[in-house]
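First comes the structure, then the notes that go with it.
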Amino acid sequence: MSTSTQPSTPRTVLPGPAGPQDGSAAAPRVVRQRRRRPGLIALSIALIAAGGLSGALLFTASGQRSTVLVVARDVPVGNVITEADLALASLALDPTVKAVPAAKKAGMVGQRAAVALKSGSLLSPGQVTSASLVKAGEQLIGVALKPSQLPASRLSPGQKVLIVSTPDLAQAGAAAGAGKPADTTAPATLAATVVEVGVAAPATGVVVVDVAVPAASGPTLAARVATGAVALIVAAQDGGS
């Protein structure tokens with residue numbers, strides 16, 4: 001029996017990675033390292049430090065507090081400011097805010113409120129004045145008034161009022177006895193400015209109101225007040241009816 005021999009097919013050898021063909025291990029690949037730039041590193045560190053310093057300065061500035069004056073209770077315009085009207089507060093304020101430092105409290109006491117001061121508000125230098133409510137060419141007259149001769153609303157310094165001459169009861173009785181007709185002419189009025197309001201007397205409720213009037217009218221008003229034949233009414237504000 002004859003045996004046939006098949007020709008062997010040559011094996012295809014795929015190309016492998018470059019390296020020695022003798023089976024020995026390949027040499028390790030050398031990774032090229034990046035070159036460090038000392039100048040760039042120093043610049044980065046400087047920028048980080050500057051940012052941290054700016055943040056610290058901003059935090060410190062925002063945390064600075066000042067002790068200033070605030071209004072402890074309502075003060076009507078024209079009223080004299082007392083020590084009890086002021087209080088101290090520690091606040092962090094913007095530099096543009098005009099406030100009165102606590103060290104100037106003694107200088108604020110005794111001055112007048114140039115505007116109505118509200119409790120809890122910050123006191124600013126423009127809200128107080130040392131100017132007197134009695135101007136040049138005016139006189140200060142004290143007017144004693146019963147509760148029926150003035151409004152029930154509390155008067156405040158700087159308020160504009162009218163002093164009205166009311167009929168003299170003694171003269172009216174004498175005229176009526178003599179058969180004279182009653183006087184129907186309009187009562188005389190005098191514009192005045194409230195300077196100070198006294199405390200009502202416990203027994204009678206009479207209140208003395210100091211008013212500033214033109215010097216020419218001062219003596220006439222004083223004589224009228226002595227008879228008690230006057231009344232006080234509040235003048236209409238600007239724009240009022």
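- Here the CZ-CD distance, from R154 to Q159, works out to 10.5 Å after rounding to the nearest 0.5 Å.
- By the side chain to side chain contact (heavy atoms under 4.5 Å, CB included) test, A191 is found to be paired with L162, residues two or more places apart in sequence or in another chain being considered.
- Members clustered with V75: L69, V71, I81, L86, L88, V100, M108, V109, V115, L117, L123, V128, by chain and number, using a 4.5 Å side-chain heavy-atom cutoff among hydrophobic residues.
- Under a 4.5 Å side-chain heavy-atom cut-off, the cluster of Ile, Leu, Val, Met, Phe, Trp and Tyr residues that includes V80 has no other member.
- Of all heavy-atom pairs spanning S165 and P187, the tightest one is O-CB, 3.2 Å.
- Nearest heavy atom pair, residue A72 against residue A87, reads CB-CB, 4.1 Å.
- Minimum interatomic distance between Q111 and G107 (heavy atoms only, all atoms of both residues): NE2-O, 2.9 Å.
- A chain of hydrophobic side-chain contacts below 4.5 Å, direct or via other Ile, Leu, Val, Met, Phe, Trp or Tyr residues, connects L150 to L190.
- Between P76 and A113 the shortest heavy-atom distance is O-CB, 3.6 Å.
- A continuous path of hydrophobic side-chain contacts links V161 to V230 [ILVMFWY only; heavy atoms under 4.5 Å].
- Here K98 pairs with P125 under the side chain to side chain contact (heavy atoms under 4.5 Å, CB included) rule; sequence neighbours left out.
- Both L221 and V209 are part of a single hydrophobic cluster, where members link through side-chain heavy atoms under 4.5 Å apart.
- Every residue two or more places apart in sequence or in another chain was checked for a side chain to side chain donor-acceptor pair (under 3.5 Å) with N79, and none qualifies.
- Every residue two or more places apart in sequence or in another chain was checked for a side chain to side chain contact (heavy atoms under 4.5 Å, CB included) with A103, and none qualifies.
- When all heavy atoms are compared, the tightest approach of S90 to R65 is O-NH2, 2.9 Å.
- Closest of all the heavy-atom pairs between A216 and P219 is O-CD, 4.1 Å.
- Between L122 and V68, the closest side-chain pair of non-hydrogen atoms falls below 4.5 Å.
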Sequence neighbours excluded and cut-off under 3.5 Å, please list the side-chain donor-acceptor pairs for residues 131-143, or say none.
| residue | atom | partner | partner atom | Å |
| --- | --- | --- | --- | --- |
| S132 | OG | V134 | N | 3.1 |
| E138 | OE1 | K135 | N | 3.0 |

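- The cluster map of Ile, Leu, Val, Met, Phe, Trp and Tyr, joined by side-chain heavy atoms under 4.5 Å apart, puts I163 and V207 in the same cluster.
- In this structure, the side chain of T129 does not engage the main chain of R112 through any donor-acceptor pair within 3.5 Å.
- A donor-acceptor pair is defined here as one N or O able to donate and one able to accept, closer than 3.5 Å; no such pair exists between the side chain of E83 and the backbone of G110.
- Residues forming a side chain to side chain donor-acceptor pair (under 3.5 Å) with T96 (at least two apart in sequence, or on another chain): D94.
- The stretch residues 193-211 participates, sequence neighbours left out, in these side-chain hydrogen bond (donor to acceptor under 3.5 Å, both in side chains) pairs: K160-T193.
- Partners of P151 under the side chain to side chain contact (heavy atoms under 4.5 Å, CB included) rule, at least two apart in sequence or in another chain, are L232, V234.
- Note: the hydrophobic cluster containing V70 also contains V97 (ILVMFWY, side chain heavy atoms under 4.5 Å, direct or indirect links).
- In this structure a side-chain-to-backbone donor-acceptor pair under 3.5 Å is present from R224 to A229.
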